[in-house]
Protein chains: 2
Amino acid sequence: MKRDIKKEAFREFIAREGLKSTRQRDIILDFFLSAKRHMSVEELYRGLRARHPGIGYATVCRTLKLFAQSGIAHEIHFGDGQTRYEHLVEGEHHDHLVCTVCGTIAEFENKTIEALQKAVADSHGFIIRSHRMELYGLCAKCAK
Amino acid sequence: MKRDIKKEAFREFIAREGLKSTRQRDIILDFFLSAKRHMSVEELYRGLRARHPGIGYATVCRTLKLFAQSGIAHEIHFGDGQTRYEHLVEGEHHDHLVCTVCGTIAEFENKTIEALQKAVADSHGFIIRSHRMELYGLCAKCAK
DNA sequence: TGTATATTGATTATCATTTTCAATTAGGAG
DNA sequence: CTCCTAATTGAAAATGATAATCAATATACA
Ligand SMILES: [Mn+2]
Ligand SMILES: [Mn+2]
Ligand SMILES: [Zn+2]
Ligand SMILES: [Zn+2]
């Protein structure tokens, strides 16, 4: 299962970097992988604390950063001042539809757009390392 | 000239909202329209202070927000924790190529991509109100 | 010119995230 | 298994960008 691929990838990262495997990191990773996508740090922290009251906010922040560094997660910024994280397997990619009314986030992928992005970059002699594309507006529900 | 169109648009906004025309707002607008694009609040503040030492940081922040509200400027967030502003005339739009090495920012517009974005949104019953697309990587110069 | 109201700049507050640091833990050597 | 060292943790303080406060000042209109 993908969950195990991510766990294994993080385990390898920990080993490769000379870091240590800890109870907290295991707990946070388990929760992160089973929680819903695009959770803010605060949401993850509150969710974790329900079962693990001792866990510190700083540890959650640090651990999520490690997830991003290890490649099993991505930081997302939707402009509301909250950092969100989503887990993904290496090489996966998608963009977002963000409802500005209810906050619902939908994901999509469009190879044609990505090809055109590459073409635009090429015409500038620019080498793309990453990109972000977000469409903001009203989801089907909020559009009534 | 476009500069005058923007000045006039802001003047109208000021009047329409029952706000007042002030020396500071004039100074900040002049500098903003003549400075290079995508300046951060800090950069604009420092640039302004050279000629106008009395001007307050809070006033710069507030005034830039007013520019955005009036429609003559846009807030931009590239994920480095700095808010940038760029001026544009009503209806104009473009996206960005951001060099992660030297910080250079190029602008582009691609109608085909925008049409595809619309198509993606439609297929989700989503109504786009705005969007952002940024390509991060190496500019021609930094790619060597 | 007078007056009500908006604006300014300095200061303080916010708020999410980072850093600090003493105490604790992990995990390899012996 | 026991030591030992370096990594990790949680609480608290620091950070950094922006926003709010507020007394003093400037603006615009009657
Ligand atoms: Mn996503
Ligand atoms: Mn631009
Ligand atoms: Zn919605
Ligand atoms: Zn560059």
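Numbered from 1 within each chain, the chains take letters A, B, ... in sequence-line order.
Not counting sequence neighbours, the partners of B:Phe67 by the ring-ring contact (aromatic ring centres under 6.0 Å, His included) test are B:Phe10, B:Phe32.
B:Arg62 places no side-chain N or O within donor-acceptor distance of the main-chain N or O of B:Tyr57, the cut-off being under 3.5 Å. Using modelled atom types, no side-chain atom of A:Arg25 and backbone atom of A:Thr63 make a donor-acceptor pair closer than 3.5 Å.
Annotation for B:Cys99 and B:Cys139: closest pair SG-N, 3.5 Å, computed over non-hydrogen atoms. Minimum interatomic distance between B:Val60 and B:Leu48 (heavy atoms only, all atoms of both residues): CG2-CD1, 3.9 Å.
For the segment residues 22-32 of chain B, the set of residues with a heavy atom within less than 4.0 Å of an atom of DNA chain C comprises B:Thr22, B:Gln24, B:Arg25, in numerical order.
Around atom CZ of A:Arg129, no more than 12 heavy atoms belonging to other residues, nucleotides or ligands sit under 6.0 Å away.
Between B:Lys7 and B:Glu12 there is no salt bridge, since no side-chain N of the basic residue sits under 4.0 Å from a carboxylate O of the acidic one. Looking at A:Glu42 and A:Arg46, a side-chain N of the basic residue comes within less than 4.0 Å of a carboxylate O on the acidic one, giving a salt bridge. Salt bridge annotation for B:Arg11-B:Glu8: present, with a cationic side-chain nitrogen under 4.0 angstrom from a carboxylate oxygen. Using a 4.0 Å cut-off between a side-chain N of Lys or Arg and a carboxylate O of Asp or Glu, A:Arg3 and A:Asp30 do not qualify as a salt bridge.
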Detail all sub-3.5 Å separations between protein N/O atoms and N/O atoms belonging to nucleotides 3-5 of chain D.
none

Reading 5' to 3' through nucleotides 16-23 of chain D, protein heavy-atom contacts under 4.0 Å coded B for base, S for sugar-phosphate only, - for none: -SBSBB--
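Tested against B:Glu75, the residues B:Arg132, B:Arg84, B:Lys65 include a single salt bridge (charged side-chain N to carboxylate O under 4.0 Å, His left out) partner, B:Lys65.
A 4.0 Å heavy-atom criterion places the boundary nucleotides of DNA chain C facing chain A at C:dA16 to C:dG27, written 5' to 3'.
B:Val101 forms part of a hydrophobic cluster together with A:Ile127, B:Leu138, judged by ILVMFWY side-chain heavy-atom separations under 4.5 Å.
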